[in-house]
Amino acid sequence: MRLLHTSDWHLGRSFHGVGMLEAQRAFVDQLLDTVRDEDIDAVLIAGDVYDRALPGVDVVNLFSDALSRIRAAGATLVMTSGNHDSATRLGFGSGILAHGGVHVRTRLDQLADPVELDLGGATLAVYGIPYLEPRMCAEELGAEAPSHTAVTRAALGRIRADLAQRADLAQRKAGRPVHSLVMAHTFASGGISSDSERDLSIGGVGAVPLDLFDGLDYVALGHLHGRQALSETVRYSGSPLPYSFSEAGHEKGGIILQFTADGLSSVENVSWPAQRKLAVLKGSMRDLLESADHAWAQDAYCQITITDDERPLKAMERLRERFPDTLVLSFEPASGPRRDTMSYSQRLAKAQDDLQVCCGFLDHVRSRPADEAERALLADALQAVQAAEVSA
């Protein structure tokens with residue numbers, strides 16, 4: 001049996017104000033190609049199906065269409081809810097959906113209710129752990145404390161108890177081994193985060209120890225957007241698309257798992273290149289506008305840092321002539337931040353007239369003093385105000 005581990009679809013998300021629905025439609029097409037080309041039997045989504053608890057109608061329609069197409073391609077679906085999802089809304093109708101091969105695990109009472117997949121001589125029990133908000137579920141789980149580690153340990157305790165009972169029964173009745181796969185949306189120790197994940201904890205680190213997952217055949221994690229292996233059997237698939245510039249170097253895709261009657265036999269990454277690249281550029285204005293080294297970024301979404309000692313005039317306007325999709329612009333002088341011996345309030349107190357106040361403000365907010373043309377404009381404006389006050 002071949003399974004495709006995915007997570008963090010974040011359907012409906014925007015990228016620095018740019019809608020991503022078309023890019024997400026393209027990703028679904030890539031996923032369907034993988035399902036067909038790689039003979040995938042089951043698709044796993046380890047949380048954060050949506051980007052918001054209340055997704056838009058067009059977003060819900062996209063996901064509905066994706067589910068129909070995946071099922072039509074012959075693959076079963078198993079999904080859990082993440083911290084971005086509304087567990088109740090995502091889990092609506094889960095009992096009915098299960099009859100159609102779409103299995104949703106969003107409730108605590110479903111922790112010990114695995115999806116059983118036939119491996120031909122063995123069974124694969126797929127358990128789903130939705131995102132667990134410690135303060136909301138610690139009591140119901142009987143956790144020792146309202147922490148991510150405690151509630152995850154309690155959830156896994158229920159799973160291990162069910163797995164042991166299920167394996168013993170299967171062995172006694174048919175001599176069939178039972179293998180385990182656990183899906184969880186959490187931050188596990190050793191995972192490398194990126195800017196587009198929201199912290200799963202408030203007031204402290206929410207990471208859970210990796211050894212909580214010892215003894216399981218495979219753990220399909222979601223939440224971190226970079227694909228990574230914490231161990232041979234505990235992995236993050238990462239998000240299928242980049243959702244922050246910190247993910248510019250990521251190779252996006254999923255993970256194909258091969259299970260046989262003897263258990264997990266192979267793990268293979270599959271890549272889904274995004275339609276638009278991300279470019280993180282840094283340099284002087286002249287270098288950015290003229291260097292051939294940056295030509296590849298002209299069709300990319302760009303995050304640009306300007307290193308000139310003085311903030312260039314009309315920087316965004318000029319950069320967008322070469323890089324039309326510049327979405328983030330920052331200023332970081334190569335010589336380091338300007339060190340003023342006086343604070344702004346001290347400089348303001350030393351201003352001798354209104355013109356010096358206005359010019360000092362410009363210098364303060366943009367790190368570049370007013371030029372002659374700007375000084376003349378400010379002087380004319382101040383004279384006009386003064387004349388109006390006199391005539392009044």
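- Side-chain N or O atoms of R153 include none that pairs as donor or acceptor with a backbone N or O of V208 at under 3.5 Å.
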> For Y243 and F15, what are the C-alpha separation, side-chain angles and deciding distance, and is it a ring-ring contact (aromatic ring centres under 6.0 Å, His included)?
Replying inline: CA-CA 6 Å; Y243 291 119; F15 186 83; 7.9 Å; no
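- Considering only heavy atoms from C-beta on, D41 stays 4.5 Å or farther from T76 through its side chain.
- One side chain, S246 or S244, offers a donor N or O that lies under 3.5 Å from an acceptor on the other.
- When atom types are taken as modelled, the side chain of K277 and the backbone of C302 share no donor-acceptor pair closer than 3.5 angstrom.
- A tilted orientation is assigned to the rings of H223 and F187, their planes being inclined by 30° to 60°.
- Taking every heavy atom of both residues into account, A73 and V35 meet most closely at CB-CG1, 3.9 Å.
- Residues L378 and D380 have side chains not in contact (no heavy-atom distance under 4.5 Å, counting atoms from C-beta outward).
- To the nearest 0.5 Å, the span separating CG on D262 from CG on L119 amounts to 10.0 Å.
- There is a path of hydrophobic side-chain contacts, each under 4.5 Å, that joins L124 to V78.
- E38 meets the side-chain contact (heavy atoms from CB on, under 4.5 Å) test with R2, T34, I40, I256; sequence neighbours excluded.
- S94 is not listed as a side-chain neighbour of F92, based on a closest heavy-atom distance of 4.5 Å or more.
- Taking CG of L163 as the start and CG of D168 as the end, the distance is 11.0 Å to the nearest 0.5 Å.
- Side chain of E332 to main chain of I306: no donor-acceptor pair is present (N/O by atom type, distance under 3.5 Å, no hydrogens or angles).
- Rounding to the nearest 0.5 Å gives a distance of 8.5 Å between CG of L44 and CG of L77.
- Between the side chain of T152 and the main chain of T149, no donor-acceptor pair closer than 3.5 Å is present.
- Between K314 and M316 there is no side-chain heavy-atom pair separated by less than 4.5 Å.
- With sequence neighbours left out, E290 forms a salt bridge (charged side-chain N to carboxylate O under 4.0 Å, His left out) with R286.
- In this structure, the side chain of R320 does not engage the main chain of D325 through any donor-acceptor pair within 3.5 Å.
- Listed for the E374 side chain is a donor-acceptor partner under 3.5 Å among the backbone atoms of D371.
- Applying the salt bridge (charged side-chain N to carboxylate O under 4.0 Å, His left out) test to R89 and every residue at least two apart in sequence or in another chain returns nothing.
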> Can you check side-chain contact (heavy atoms from CB on, under 4.5 Å) on Y127 and L181, steps first, answer last?
Replying inline: CA-CA 6 Å; Y127 295 89; L181 188 155; over 6 Å; no
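- Between the D308 side chain and the M285 main chain, a donor and an acceptor come within less than 3.5 Å of each other.
- Linking Ile, Leu, Val, Met, Phe, Trp and Tyr whenever their side-chain heavy atoms come within less than 4.5 Å leaves V43 and V115 in two separate clusters.
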>> If you apply the rule side-chain contact (heavy atoms from CB on, under 4.5 Å), what do you find for I129 with H185, and how did you get there?
In response: CA-CA 7 Å; I129 302 178; H185 193 87; over 6 Å; no
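- Looking at every heavy atom in both residues, Y50 comes nearest to V59 through CD2-CG1, 3.7 Å.
- Taking the six-membered ring where tryptophan is involved, the planes of W272 and F27 are tilted, since the angle between them lies from 30° to 60°.
- When side chains are defined from C-beta on, T233 does not count as touching D217, because their heavy atoms never get closer than 4.5 Å.
- Annotation for Q165: atom CD does not count as buried by contact number, only 12 or fewer foreign heavy atoms lying within 6.0 Å.
- Residues S237 and S7 bring a donor and an acceptor atom of their side chains to less than 3.5 Å of each other.
- Counting only heavy atoms from C-beta outward, the side chains of E251 and N269 never approach each other to under 4.5 Å.
- Between A334 and D309 the shortest heavy-atom distance is N-OD1, 4.0 Å.
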>> Quick one, L327 with V18, criterion side-chain contact (heavy atoms from CB on, under 4.5 Å). Give me CA distance, side-chain angles, the key distance, then yes/no.
In response: CA-CA 9 Å; L327 304 181; V18 177; 3.9 Å; yes
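- Listed by first then second residue, pairs satisfying side chain to side chain donor-acceptor pair (under 3.5 Å) with a partner in residues 55-66 number zero, not counting sequence neighbours.
- Between E22 and R25 there is a salt bridge, since a side-chain N of the basic residue sits under 4.0 Å from a carboxylate O of the acidic one.
- Taking the six-membered ring for Trp and thresholds of 30 and 60 degrees, Y218 and H5 have ring planes more than 60 degrees apart, a perpendicular arrangement.
- Of all the heavy atoms in L108 and C137, the pair that sits closest is CD1-CB, 3.7 Å.
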> Should S330 and T305 be marked as a side-chain hydrogen bond (donor to acceptor under 3.5 Å, both in side chains) after you check the CA-CA gap, both sets of side-chain angles, and the distance that decides it?
Replying inline: CA-CA 5 Å; S330 59; T305 302; 3.1 Å; yes
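- Distance check: R158 CZ to L156 CG gives 11.5 Å after rounding to the nearest 0.5 Å.
- Side-chain contact between L90 and T80 is absent, with no heavy atoms from C-beta onward closer than 4.5 Å.
- Annotation for A145 and A138: closest pair O-CB, 4.0 Å, computed over non-hydrogen atoms.
- In terms of modelled atom types and a separation under 3.5 Å, the side chain of R227 and the main chain of G254 share a donor-acceptor contact.
- Scanning for ring pair (Phe, Tyr, Trp, His ring centres under 6.0 Å) contacts around H179 gives an empty result, with sequence neighbours left out.
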>> Does H10 form a ring-ring contact (aromatic ring centres under 6.0 Å, His included) with H84? I'd like the steps, not just the answer.
In response: CA-CA 8 Å; H10 286 282; H84 283 245; 4.5 Å; yes
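- The side-chain heavy atoms of K282 and I304, taken from C-beta on, include no pair separated by under 4.5 Å.
- Although no hydrogens or angles enter the test, the distance criterion places no donor-acceptor pair under 3.5 Å between the side chain of Q298 and the main chain of H294.
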>> Assess the residue pair R235 and I255 against the criterion (side-chain contact (heavy atoms from CB on, under 4.5 Å)); give the C-alpha distance rounded to whole Å, side-chain angles, the decisive distance to 0.1 Å, and a yes or no.
In response: CA-CA 9 Å; R235 297 173 184 254; I255 302 175; 4.0 Å; yes
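- D8 and Y236 form no side-chain donor-acceptor contact under 3.5 Å, judged by distance and modelled atom types alone.
- Between the CG atom of L216 and the OG atom of S180 there is a distance of 4.5 Å, given to the nearest 0.5 Å.
- Residues D353 and Q356 approach most closely at OD1-N, 2.8 Å, considering heavy atoms.
- Hydrophobic clustering keeps V270 apart from V267 (ILVMFWY residues linked when any side-chain heavy atoms are closer than 4.5 Å, directly or through intermediates).
- There is a side-chain donor-acceptor pair under 3.5 Å between S239 and K252.
- Atoms CG and CD, on L329 and Q303 in that order, are 10.0 Å from each other to the nearest 0.5 Å.
- Sorted by first and then second residue, the salt bridge (charged side-chain N to carboxylate O under 4.0 Å, His left out) pairs involving residues 109-129 (not counting sequence neighbours) are R105-D113, R107-D109, E116-R166, D118-R176.
- Listed for the D85 side chain is a donor-acceptor partner under 3.5 Å among the backbone atoms of G82.
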